[in-house]
Amino acid sequence: MGRNAGAQKVSEGARAVVSRSFTDFTPQATFDIKKCNLHRLEEGPPLKAELTREQGLRYYRTMETVRRMELKADQLYKQKIIRGFCHLYDGQEACAAGIEAAITPSDHLITAYRSHGYTYTRGVPVKEILAELTGRKGGVAKGKGGSMHMYAPHFYGGNGIVGAQVPLGAGIALACQYQGNNQVCVTLYGDGAANQGQLFESFNMAALWKLPCIFVCENNKYGMGTSVERASASTDYYKRGDFIPGIRVDGMDVLCVREATKFVADYCRSATQWPVLLAYSACDATVCSYRTRDEIQEVRSKSDPISMLKERMLSNNMASAEELKEIDVEVRKEVEDAAQFATSDPEPPLEELCNHIYYNNPPLEVRGTHPWAKLKSIS
């Protein structure tokens with residue numbers, strides 16, 4: 001009986017040690033976030049955001065994974081292992097992580113050709129994304145989609161035509177409304193697409209029909225190398241919906257993005273069901289010919305979304321530097337293993353070239369480059 005009592009005390013002591021190791025960290029903290037600019041709204045997102053330790057670690061891992069994946073894609077592209085188009089998302093990770101944290105997996109998302117980050121946040125493994133970029137059989141689209149055409153449940157790509165995804169997003173929102181499922185569609189485009197006529201047609205229809213659509217302009221200040229000042233008479237993209245309410249958000253802060261997206265998602269799901277236009281001010285961190293090195297360095301030193309979250313967590317005792325370093329090591333290994341798969345997996349065979357032309361059709365013959373080249377398409 002004495003031994004049992006002693007064992008019980010030891011057990012309680014062990015539990016206390018374990019408990020202390022967890023309670024060493026602050027479980028939750030509240031942070032001030034930047035005030036958003038509003039258009040046709042009387043009130044906007046809150047000025048404070050709560051962050052739990054668990055959320056912070058999850059956001060950090062997500063953004064670090066997207067960053068490392070894109071840096072690896074950049075390396076493979078420069079080595080000419082990835083061919084064709086390759087539009088990278090490094091530096092804009094807070095947008096993808098923040099939006100995903102504010103909506104549900106059953107909500108819908110469609111974007112332009114800078115799609116790798118959202119492909120990952122929608123649930124596709126890094127190895128399938130990199131394998132798609134290298135045109136391998138194990139890619140998410142079986143190596144036939146490439147950089148701009150990746151898909152997942154409730155994620156509709158990756159679209160190569162500038163601005164073309166915006167009317168599609170409005171159509172997805174129409175389906176949500178028609179089915180009455182209380183879901184929203186996040187429809188993303190860049191500042192380079194902001195002057196496309198089809199955007200304004202989509203805004204008009206979405207407002208007329210009160211579609212649950214969140215239009216998001218990811219403004220990284222350049223559209224295919226052309227600065228926003230040279231391309232747009234008005235760079236207040238959050239006002240460009242005119243009759244649609246708009247919000248300008250700091251797209252480099254994952255908490256700002258999360259709170260703004262949650263605010264407008266609730267707005268879209270409400271009884272009024274009005275669409276909303278969000279404009280995230282972001283900046284890609286890629287070294288390129290149209291940004292000066294000073295500009296890139298300033299963004300990396302002052303506005304990097306990963307560094308910003310890391311600093312918040314460390315300064316508020318929500319994580320240790322060693323813990324975050326361990327996540328970095330795990331992420332780097334995951335990306336390296338994915339790159340190994342993406343460079344060793346075989347390319348899809350010729351006989352699979354025409355498969356999946358139709359979703360659910362009997363097999364059919366497809367003519368090749370000349371009448372004598374016959375291929376078969378299997379759904």
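As the structure is a prediction and not an experimental result, all values here were calculated from the model. Computed from heavy atoms alone, side chains included, the values below leave out hydrogens, waters and symmetry copies.
Counting heavy-atom neighbours within 6.0 Å of Leu47 CG, excluding the residue itself, gives a total above 12. Heavy atoms from other residues, nucleotides or ligands lying under 6.0 Å from NZ of Lys142 number 12 at most. Remark: Glu54 CD is loosely packed, at most 12 non-hydrogen atoms of other residues, nucleotides or ligands lying under 6.0 Å away. Other residues, nucleotides and ligands place more than 12 heavy atoms under 6.0 Å from the CZ atom of Phe243.
Side chains of Ser106 and Thr104: a donor-acceptor N/O pair is present below 3.5 angstrom, by distance only.
A salt bridge does not link Arg332 with Asp328: none of the charged nitrogens is closer than 4.0 Å to a carboxylate oxygen. Salt bridge annotation for Glu229-Lys221: absent, with no cationic side-chain nitrogen under 4.0 angstrom from a carboxylate oxygen. Using a 4.0 Å cut-off between a side-chain N of Lys or Arg and a carboxylate O of Asp or Glu, Asp236 and Arg240 do not qualify as a salt bridge. Between Glu334 and Lys127 no salt bridge is recorded (no basic side-chain N to carboxylate O distance below 4.0 Å). A salt bridge is defined here as a Lys NZ or Arg NE, NH1 or NH2 lying under 4.0 Å from an Asp or Glu carboxylate O, and Arg122 with Asp107 fails to meet this definition.
Ser147 pairs in a side chain to side chain donor-acceptor pair (under 3.5 Å) with only one of the listed residues (Arg83, His116, His87), which is His116.
Using the six-membered ring where Trp is involved, Phe200 and Phe203 have ring planes that are perpendicular, over 60° apart on the 30 and 60° scheme.
Residue pairs meeting the salt bridge (Lys or Arg N to Asp or Glu O under 4.0 Å) criterion with at least one partner in residues 32-48, sequence neighbours excluded, are Asp32-Lys48, Lys34-Asp250. Applying the salt bridge (Lys or Arg N to Asp or Glu O under 4.0 Å) test to pairs two or more places apart or on separate chains, none has a residue in residues 359-377. Applying the side-chain hydrogen bond (donor to acceptor under 3.5 Å, both in side chains) definition to pairs two or more places apart or across chains, none involves residues 341-362. Note on residues 151-182: pairs passing ring pair (Phe, Tyr, Trp, His ring centres under 6.0 Å), not counting sequence neighbours, are His108-His154, His108-Tyr156.
Grouped with Leu353 in one hydrophobic cluster are Leu350, Leu375, the linkage being side-chain heavy-atom contacts under 4.5 Å among Ile, Leu, Val, Met, Phe, Trp and Tyr residues.
When the ring-ring contact (aromatic ring centres under 6.0 Å, His included) test is applied to Tyr118, the partners found at least two apart in sequence or on another chain are Tyr89.
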